[in-house]
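Inspection log for the structure reproduced underneath, given as C-alpha cells.
We're numbering straight along the sequence, starting at 1. What's counted below: heavy atoms across the whole structure, side chains too, no hydrogens, waters or symmetry copies. The structure presented is a predicted model; accordingly, all values stated were derived computationally and were not measured.
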Amino acid sequence: MDLVIDEENPRFEAVSTEDDAIYSILVDQRLGNGNKILNLARDIAEHGLNASELLVVSPKEGTRTYLVREGNRRVTAIKLSLNSARIPEDFRKLAPQFEELAPAMQAHRCIECCVCDDEQEIRRLLLLRHGGENNGIGTVKWNSTQTTRFNEEANPQTARALSFVKHLQRDYGQGDLFIAAAVIPPTNLGRLITTPEVREMLSIDVAASDARYRGGHDDLLLDVLSTLKDKGVGAIYDKRARMRLVEEAAERIEPDGARQVRLSLGTPDEYEGEGSLGGSGCNVVIPGTERAHTSAGVPVDATSLDFQHATRMQATAGAPEYQQARDAPDESVAGEEQTDTAGTSGATRRKPVSHSHEKKMFGHALRPKGCRSNDLYRGIDWIDEQYLKHSGELVHLLPILAFSLRLLMETVAREYFESKGEDYGDKALTNFLKGVAKPAISAKVDTAGRNNMVLASEWIDGKFNFEALFAKWAHGTLAVDRSALVRQSELVALIIDEVWT
C-alpha cells in the first residue's frame with residue numbers, strides 16, 4: 001500500500017518502524033476479549049469507511065508513499081485484513097479473524113484522502129478531531145441524554161439496559177458486575193430493570209431512558225445478573241418471576257439485610273413511584289439495631305412487623321386510592337400481559353407530578369465514592385424532589401437543604417482524607433477546599449474554558465466566596481435563595497465529580 005502508519009502517532013511513544021507502530025496500536029486498542037482494531041476492521045468490511053471523516057496524509061519526501069497523520073487505526077485495520085502475516089506474534093490468535101475479512105476488504109484497497117504537506121495545517125486538523133470541544137471549535141460530543149435519545153429506537157426498556165451497562169463500566173471498570181451485565185441481551189436486562197420493586201431491592205435508579213446502580217448490594221446484584229445470564233428470559237418473564245428471582249437471591253446473599261420502610265412527606269399516592277431519580281419514592285433503610293418512633297412518639301423496634309404495618313397504615317390514612325396504586329402493574333414490557341399481584345388487570349399506576357419548573361439541585365446524578373457521602377447525597381436529592389413538587393408548602397426545606405449541602409461537602413472532605421490516612425479534624429473542610437478541590441477545579445476550568453464554568457471560575461479567582469456562603473447558611477445568618485442554592489450545589493457536584501467519584 002502507498003500509506004504508511006505514523007511511527008510518531010500521539011497514541012503511543014514514538015517508535016522506529018511501521019511494524020513497531022502496528023504493534024503499539026494493537027496494544028493500545030486491546031480489549032479483554034478481543035481488540036478494537038479487529039472490531040473496526042469488521043465494521044469497515046461490512047459498511048465501508050466513515051464517509052464523514054477523510055484520512056489526512058502527508059507525502060514522504062523522496063518516496064511515492066504517504067504518511068498517515070489522521071486515520072492510523074483505520075489503515076491498520078485494512079492492512080492486517082489484507083495481509084495477516086504482519087500481525088505481531090503477541091496477537092497471532094487474531095489472525096484467523098482478520099483473514100476472514102480479506103475478501104470483503106479488497107474493496108477498500110483504495111482510500112480517498114486529504115493530502116497536506118503543511119505541518120501547521122495538519123496540526124490544526126488533528127486538534128479539531130482530537131483536541132476536545134475547544135469552546136465549539138472542535139468536535140462537540142453528544143452528552144449521555146442526547147446519545148440515548150438517538151440510540152433508543154423508541155424502546156426505552158432497551159435504552160435503560162444499555163445505559164445501565166455503560167454506567168457499570170464507568171463506575172466499576174471492567175469488573176465482575178460489568179462483565180455479567182454486558183453479556184445479557186439488552187431486552188432481558190431491560191425487562192428486569194422495568195420492575196420498580198426489583199430496582200428498589202437492587203438499588204437501581206432510573207430517569208427516563210437512563211438507569212444506574214447506586215451501590216451497596218454488589219454481591220446480590222452479581223448473583224441476580226449471573227442467574228439471568230444462565231437462565232435467560234424465562235427467569236424474568238413476568239413481574240412475579242422477576243421479584244421471586246431477586247427475593248430468593250436476597251435470602252441467599254443478604255439473609256440479615258436491613259429492612260426497608262417507605263416514608264412520606266406528603267400525600268402518599270403522589271409519592272408512590274419509581275424509587276429512583278425519576279420517581280418520588282424514598283426508601284429509608286433503618287438498621288435493625290436502631291429504634292424508631294411512630295407519629296405518636298412511641299418508640300418501637302424498626303425491625304418488627306408491627307412497626308412496618310403501622311408505617312404503611314399511617315401512609316395510607318385518608319387515601320383510599322393508595323392501595324390501588326400499590327397493586328397496579330409495573331411499566332409495560334413488550335409482549336407481556338399486564339396483571340397485578342392479585343391477578344386482576346386494568347389498574348393504572350399513578351405517577352408523581354411535579355408542580356414546579358425550577359431546576360433540580362446538582363444538575364445531574366452524582367455518585368460519591370464514600371458510603372456516608374453517598375447516603376447524604378441521596379437524602380438531599382430526595383428532599384429536593386419533594387420541595388419541587390410542593391415548593392409553596394415546603395419552603396422551610398430550603399434552609400435544611402442549604403445546611404445539608406455544607407454537611408455533604410464536609411463529609412466528602414473527611415472521607416477523602418480518611419482514604420489518605422489523614423485526619424484534620426474540624427479543619428478537614430477548609431483544607432480540602434483549599435488544598436484539594438481548588439487545584440482540581442482550576443485544572444478543569446483551564447481545560448473546559450471559563451465561559452463554560454462561570455461560577456467555578458469566580459471561585460478560583462476569588463470573586464465568589466464559596467466557604468463564607470456555606471458558613472452563613474449553616475449558621476442561619478443569611479436567608480437561603482433557591483437560585484443561589486442550586487448554583488452552589490452545581491459547584492459541589494463539580495467538586496465531587498472531579499475529586500470523589
Side-chain angles (χ1 to χ4, degrees), residues 133 141 143-146 163 166-167 170-171 205-208 210-215 276-278 356 358-388 397-398 400-416 419 428-429 432-434 436-461 463-471 473-474 480-501:
E133 296 187 6
K141 296 181 179 180
N143 61 34
S144 59
T145 301
Q146 293 162 343
S163 169
K166 179 187 70 177
H167 284 306
R170 188 167 67 187
D171 295 342
D205 289 335
V206 299
D210 190 67
R212 170 179 287 187
Y213 170 57
R214 65 176 182 266
S276 66
L277 294 176
S356 171
E358 292 188 71
K359 288 177 61 177
K360 286 188 63 175
M361 289 178 61
F362 302 112
H364 62 280
L366 303 183
R367 186 176 176 79
K369 187 183 298 185
C371 293
R372 298 193 302 274
S373 56
N374 195 295
D375 289 343
L376 186 54
Y377 157 67
R378 296 291 169 185
I380 294 173
D381 187 59
W382 184 77
I383 293 173
D384 190 47
E385 284 185 357
Q386 313 318 314
Y387 169 81
L388 289 177
L397 292 181
L398 289 180
I400 296 176
L401 287 170
F403 179 83
S404 299
L405 202 60
R406 184 191 187 283
L407 181 60
L408 172 61
M409 200 74 270
E410 180 158 352
T411 302
V412 167
R414 290 178 180 272
E415 287 179 330
Y416 174 84
S419 72
L429 179 58
F432 176 78
L433 291 176
K434 181 179 179 180
V436 179
K438 269 196 174 181
I441 302 307
S442 180
K444 180 72 173 180
V445 168
D446 291 341
T447 302
R450 293 179 177 261
N451 290 336
N452 295 333
M453 307 179 72
V454 177
L455 185 61
S457 300
E458 292 176 353
W459 179 48
I460 297 300
D461 294 340
K463 298 177 182 178
F464 169 61
N465 196 329
F466 187 38
E467 300 87 333
L469 188 57
F470 259 157
W473 281 348
V480 180
D481 173 73
R482 171 70 186 182
S483 60
L485 179 66
V486 171
R487 289 186 75 214
Q488 188 148 335
S489 73
E490 290 173 344
L491 182 51
V492 169
L494 179 61
I495 292 173
I496 292 176
D497 284 341
E498 293 302 308
V499 178
W500 198 233
T501 294

Straight-line distance of [X] [atom1] to [Y] [atom2], nearest 0.5 Å:
| X | Y | atom1 | atom2 | value |
| --- | --- | --- | --- | --- |
| Leu398 | Asp384 | CG | CG | 8.5 Å |
| Phe432 | Arg414 | CZ | CZ | 12.5 Å |
| Leu408 | Leu376 | CG | CG | 5.0 Å |

[X] vs [Y] side-chain heavy atoms within contact, under 4.5 Å:
| X | Y | result |
| --- | --- | --- |
| Glu385 | Met361 | no |
| Asp210 | His167 | yes |
| Glu498 | Val436 | no |

* **Positive for side-chain contact (heavy atoms from CB on, under 4.5 Å) with Val492, one of Val412, Leu405, Ile380** => Leu405
Among residues at least two apart in sequence or on other chains, which ones pass side-chain hydrogen bond (donor to acceptor under 3.5 Å, both in side chains) with [X]?
| X | result |
| --- | --- |
| Glu490 | Lys359 |
| Ser373 | Glu415, Trp500 |
| Tyr213 | Asp218 |

* **Residue list, salt bridge (charged side-chain N to carboxylate O under 4.0 Å, His left out) with Arg367, at least two apart or on another chain** => Asp171
* Nearest heavy-atom pair of Met409 and Leu433: which atoms, and what distance? -> CG-CD2, 4.2 Å
* **Shortest non-hydrogen separation from Lys360 to Asp381 and the atoms involved** => NZ-OD1, 3.3 Å
* Salt-bridge test for Asp205 and Arg214: reply yes if a basic N is under 4.0 Å from a carboxylate O, no otherwise. => yes
* To do: Could you pull out all residues at least two apart from Leu366 that satisfy side-chain contact (heavy atoms from CB on, under 4.5 Å)?
  => Phe362, His364, Pro368, Tyr377, Ala493, Ile496, Asp497
* Asked: Under 3.5 Å, side chain of Ser442 to main-chain N/O of Lys438, donor-acceptor pair present?
  -> no
